[in-house]
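Since the structure is predicted, the reported quantities are computational estimates derived from the model, not experimental observations.
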Amino acid sequence: MTRPLRIAQVAPPMERVPPMAYGGTERVVHELVRELDRRGHVVTTFASGDSEVPGRLIETVPEALRPAGYDGDPAPYFYLTMTAVLERAHDFDIIHSHLEWASVLLARVSPVPVVSTFHGRLDLPWADATFASEVGGLVAISRNQASTHPSVDWAGVVHNGLTLDAAPFERRRGDGLCFVGRVAAEKGIIEAIEIAKITGRPLRIAAKLGPMQEEQAYYSDVFRPALEAAGSSVEYLGEVAQDDRDVLFAESYAALMPGSWPEPFGLVAIEALACGTPIVARRVGALPEIVRDGVDGFFGDDVTDLAFKVGRVGDLDRAAIRASVLDRFSAARMTDGYLEVYDAILSEAQHPAGGPTTGHALRSLPATAVR
C-alpha cells in the first residue's frame with residue numbers, strides 16, 4: 001500500500017468513541033482511528049456526537065445512547081447510521097463497519113468495498129442464513145470466533161489491540177482479587193465471589209449493570225443477595241472508568257474470569273495482563289489465544305479448581321507477562337493486520353478473479369495471518 005487511504009470507520013451509536021467506561025468495541029475503534037490517522041490515512045469516523053477522535057467526525061446521534069439512558073430497540077439508529085454512511089460512500093476508498101450484523105446489509109448495498117468486523121458472539125440462530133449471502137470482507141477478532149462458522153471465507157482474523165504502554169505496573173501487590181465485566185450470570189460474577197470465599201482473599205468487583213429488565217432482575221434477585229452475604233470481604237465498585245480499572249488491576253493479586261461466556265476476544269484479559277496481573281479463568285472462547293496457561297495465569301474447570309489455581313499465581317513472572325502482552329496485542333499490530341485486509345480487498349476489487357466488473361463485486365478473501 002503506497003498511498004494514504006480514505007477510510008470510513010463506522011461505530012455503533014450505543015457508546016461514545018472512546019467510551020467513558022464500558023464499551024469494548026468503541027475502544028477498539030478509537031485505537032484503530034488514532035493509529036490510522038497517525039500513519040497519514042484520511043479517516044472519517046461515524047459515531048455519536050460526543051465522541052472525540054482525530055480526523056473527521058460524522059455525528060450519527062447527538063450523544064451515545066446507552067449513557068443517555070436509552071433502553072429501547074437500537075435497530076432504527078443502526079439504520080440511520082448506515083444511511084449516513086451510504087450518503088457519503090463515494091468519499092471513501094474503503095468502509096470499515098463495526099455494526100455487527102447490520103454490517104452485512106451495509107456491505108451488500110455499498111458502492112465501495114466494506115470490511116465488516118464482528119465483535120460479538122457468532123453462534124446465534126440467524127448467523128448461518130446471514131453468512132450464506134457470501135458477502136466478502138468479513139473479519140473475526142479471534143480464531144475461536146471464526147471457528148464457529150468454518151464455511152465462511154474470512155477476509156482475516158485480526159486480534160484486538162490497545163495502547164497499553166501506560167498501564168500501571170506494581171511489583172508489590174495486595175492479596176486481593178478483582179473481577180471486571182458485567183453483572184450477568186454468564187460472566188461468572190457469583191463464581192468470583194465463591195472463589196474469593198474459598199481462598200480467603202478480598203474481592204473487588206467493577207461491573208456494568210445493564211438496563212434490560214432481565215439484567216436488573218439478576219442484580220436484585222441474585223447478585224445483590226450474594227454480595228450482602230459475602231460481607232465486607234467483597235466490595236462492589238459499580239462501573240468504573242478506564243484509569244480506575246487499570247489501578248484496580250495493578251493493585252490486585254489476580255484477575256478472575258470464571259464465566260461460561262465464550263469470549264469472542266477478551267479485552268479485560270489484555271488490560272489485566274498489561275498491568276502484570278495474572279488471569280485465573282475458565283478455558284472458554286478466545287481466552288486460550290490470549291492467556292498462556294501456566295505463564296500468564298491459569299485455567300480451571302470449576303470454582304474449586306480455579307480457587308486452587310489462585311494459590312499458584314505467586315509463581316508467575318509479572319514483568320514477563322506485561323512485556324509479552326504489550327507486544328502481542330498492541331494497537332500497532334492490530335492496525336497492521338487491518339491494513340493487510342484493506343490492501344487485499346482493494347486489490348481484489350480492482351482485479352477480480354472473473355475479469356473486469358462493475359461495482360466492487362468482491363469475492364471473500366483467504367484468511368490473513370493473525371496479528
Should Ile205 and Glu235 be marked as a side chain to side chain contact (heavy atoms under 4.5 Å, CB included) after you check the CA-CA gap, both sets of side-chain angles, and the distance that decides it? CA-CA 6 Å; Ile205 297 173; Glu235 181 183 6; over 6 Å; no

Please enumerate all residues that pass side-chain hydrogen bond (donor to acceptor under 3.5 Å, both in side chains) together with Gln145, with sequence neighbours excluded. none

From the list Ile94, Leu105, Val135, Ile95, side-chain contact (heavy atoms from CB on, under 4.5 Å) with Ser110 holds only for Ile95

Under the side chain to side chain contact (heavy atoms under 4.5 Å, CB included) criterion, do Val152 and Leu138 qualify, and how do the steps go? CA-CA 8 Å; Val152 171; Leu138 305 182; 4.0 Å; yes

Walk me through whether Glu239 and Arg66 qualify under salt bridge (charged side-chain N to carboxylate O under 4.0 Å, His left out). CA-CA 13 Å; Glu239 185 177 1; Arg66 190 188 71 84; 2.8 Å; yes

Side-chain touch Pro258/Val303, heavy atoms, less than 4.5 angstrom: no

Over 12 non-hydrogen atoms of neighbours within 6.0 angstrom of CD in Gln213: no

Just wondering, are more than 12 heavy atoms of other shown residues or ligands nearer than 6.0 Å to OH in Tyr70? yes

How far apart are the C-alpha atoms of Arg6 and Thr44, what are their side-chain angles, what is the distance that settles it, and do they pass the side chain to side chain donor-acceptor pair (under 3.5 Å) test? CA-CA 8 Å; Arg6 300 171 301 159; Thr44 300; over 6 Å; no

What are the two closest heavy atoms between Ala226 and Ile190, and how far apart are they? CB-CD1, 3.6 Å

Side chain proximity check, Val240 to Leu237, heavy atoms < 4.5 angstrom: yes

How would you list all residue pairs meeting ring pair (Phe, Tyr, Trp, His ring centres under 6.0 Å) that involve residues 186-226, not counting sequence neighbours? Tyr219-Phe223, Phe223-Tyr236

Could you state the interatomic distance from OH (Tyr77) to CG (Leu65), rounded to the nearest 0.5 Å? 6.0 Å

Go through Phe118 and Trp101 one step at a time and tell me if the ring-ring contact (aromatic ring centres under 6.0 Å, His included) criterion holds. CA-CA 8 Å; Phe118 288 86; Trp101 301 100; 5.3 Å; yes

For a 4.5 angstrom cut-off between non-hydrogen side-chain atoms, does Val109 reach Leu86? yes

How long is the gap from CD on Gln9 to CG on Leu57, to the nearest 0.5 Å? 12.5 Å

side-chain hydrogen bond (donor to acceptor under 3.5 Å, both in side chains) with Asp50: which residues, sequence neighbours excluded? Ser48

How about Met82 and Leu99: do any of their side-chain heavy atoms sit closer than 4.5 Å? yes

Leu36 and Tyr342: side chain to side chain contact (heavy atoms under 4.5 Å, CB included), yes or no, with the steps? CA-CA 12 Å; Leu36 289 169; Tyr342 299 165; 4.2 Å; yes

What donor-acceptor contacts under 3.5 angstrom involve side-chain atoms of residues 265-272, with partners at least two apart or in another chain?
from, atom 1, to, atom 2, distance (Å)
Glu271, OE2, Arg27, NH1, 2.1

Within a strict 4.5 Å, meaning less than it, do heavy atoms of the Val17 and Glu52 side chains meet? no

How about Leu164 and Glu31: do any of their side-chain heavy atoms sit closer than 4.5 Å? no

Is the shortest side-chain heavy-atom distance between Arg282 and Met257 below 4.5 Å? no

Verify whether the ring centers belonging to Phe131 and Trp126 lie closer than 6.0 Å. no

Assess Arg121 against Trp261: is NZ or CZ under 6.0 Å from the centre of the six-membered ring, and within 45 degrees of the ring's axis? yes

From CA spacing to verdict: side chain to side chain contact (heavy atoms under 4.5 Å, CB included), Glu340, Val158: CA-CA 10 Å; Glu340 288 182 14; Val158 183; over 6 Å; no

Quick note, salt bridge (Lys or Arg N to Asp or Glu O under 4.0 Å) partners involving residues 201-211, not counting sequence neighbours, are Arg204-Glu251

Mark yes or no for whether Arg322, through its side chain, and Asp165, through its backbone, hold a donor-acceptor pair below 3.5 Å. yes

To the nearest 0.5 Å, tell me how far Thr25 OG1 sits from His119 NE2. 4.5 Å

Can you find a heavy atom in the side chain of Tyr338 that is under 4.5 Å from one in the side chain of Leu32? yes

Residues pairing under ring pair (Phe, Tyr, Trp, His ring centres under 6.0 Å) where one sits in residues 268-304, two or more places apart or in two chains, turn out to be none

Do other residues, nucleotides or ligands put more than 12 heavy atoms under 6.0 Å from the CG atom of Asp221? yes

Value rounded to 0.5 Å, distance of CZ in Phe46 from OG1 in Thr60: 9.0 Å

Pair Arg39, Asp336 - check salt bridge (charged side-chain N to carboxylate O under 4.0 Å, His left out), show working. CA-CA 11 Å; Arg39 298 185 188 195; Asp336 289 343; 2.6 Å; yes

Rounded at 0.5 Å granularity, tell me how far NE2 in His96 sits from CD1 in Ile7. 9.5 Å

